[in-house]
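Just below is one structure, and these are the notes that go with it.
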Amino acid sequence: MGNFSVVVLDFETTGLSPDCGDRAIEVGAVLVQGNRITDRFQSLMNPGMRVSGFIEQYTGITNEMLRSAPPAAEVMQRFAAFAGRHHLVAHNASFDRRFLDSELKRISLTRQQEFACSMLLSRRLNCDAPGHSLEALVRYKKLTTSGVFHRALADAEMTAHLWVAMVEELKREHQLRVVPFELMQRIMKVSKKGVPEFLRRLAQG
DNA sequence: TGCCAGGCCCTCTTTAGGGCCTT
């Protein structure tokens, strides 16, 4: 058992920064309980602006598709209900956190949950990986994939598989019965050099 | 006015610069 539940999420957006006016165009999320995905959420959302040709090509999400999508406010209300009070996980979480907070603020909601970042964790736990992009890690760890990248639900599912793999490896390699979310957060924040010593002490209890 | 991401992490470091990662 993973001993706690998390919601793993991923946004597709019009660009890199909500502070520069960028908006979310799709949200995908999965509920992970123990080491299994038990629920899924996905929706396009109309950002009220046109997306660039680059984004259309990068994500496969076109202006045509977004024209008939429900407004972002409606989708974010539904997403907030799906996420509930579960802890949140994302790959390069600082990116998704900024968009989540920005979109929630537009509907007068405030995030209450903590975030953990699968990329920061991977940099500490998969030191031999050739890279820590989601795509590189999926190949490196031979994770389950639909073959689709840069769509919100597919990326959220792959991130969830990566998260579960890291939790399970920690338990196996360090003789841990449980790996709480808070421990994942602590590992994420340990300096990279300090990780071996941190894990050694962890295994000793 | 004109510009515009932001944070982590390494190193030829800390009075800095550049690559990685997200779209």
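Chain naming here is simple, since letters A, B, ... match the order of the sequence lines and numbering starts at 1 in each. Values reported hereafter were calculated over all heavy atoms of this structure, with side chains retained and with hydrogens, waters and symmetry mates removed. This one's a predicted model, so the numbers in the text were calculated from it and none came from an experiment.
At the heavy-atom level, Asp10(A) lies under 4.0 Å from the strands shown only through sugar-phosphate atoms. Counting non-hydrogen atoms under 4.0 angstrom, Thr14(A) reaches nothing in the nucleic acid. The residue Phe54(A) sits close to a base: some heavy atom pair falls under 4.0 Å.
Comparing dT22(B), dT23(B), dG6(B) against the side chain of Asp19(A) picks out dG6(B) as the nearest. If you check dT22(B), dG6(B), dT23(B) against the side chain of Ser133(A), the one that comes closest is dT22(B). Nearest to the side-chain atoms of Lys192(A) among the listed nucleotides dG6(B), dC9(B), dT22(B) stands dC9(B).
Residues of residues 106-124 of chain A having a heavy atom closer than 4.0 Å to DNA chain B, listed by number: Met119(A), Leu120(A), Arg123(A), Arg124(A).
The aromatic rings of Phe95(A) and Phe99(A) lie tilted to each other, with the angle between the two planes from 30° to 60°. Classified by interplanar angle (parallel below 30°, tilted 30° to 60°, perpendicular above 60°), the ring pair Phe181(A)/His87(A) is parallel.
Atom-to-atom, CZ of Phe149(A) to P of dT22(B) comes out at 10 Å; the value is rounded to the nearest Å. The CG-C1' distance, from Leu16(A) to dC21(B), rounds to 10 Å in whole Å. Rounded to an integer number of Å, the gap from CD of Glu26(A) to P of dT23(B) is 11 Å.
Contacts of Arg172(A) classified as side chain to side chain donor-acceptor pair (under 3.5 Å), with partners at least two apart in sequence or in another chain: none. Annotation: side chain to side chain donor-acceptor pair (under 3.5 Å) contacts of Glu197(A) (sequence neighbours excluded): Arg200(A), Arg201(A).
Put simply, His91(A) has no side-chain N or O that comes within less than 4.0 Å of OP1 or OP2 on dC21(B).
Between Cys20(A) and Phe11(A), the residue whose closest nucleotide on DNA chain B is further toward the 5' end is Cys20(A). Comparing Thr59(A) and Val190(A) along DNA chain B, the residue whose closest nucleotide (by nearest heavy atom) sits nearer the 5' end is Val190(A).
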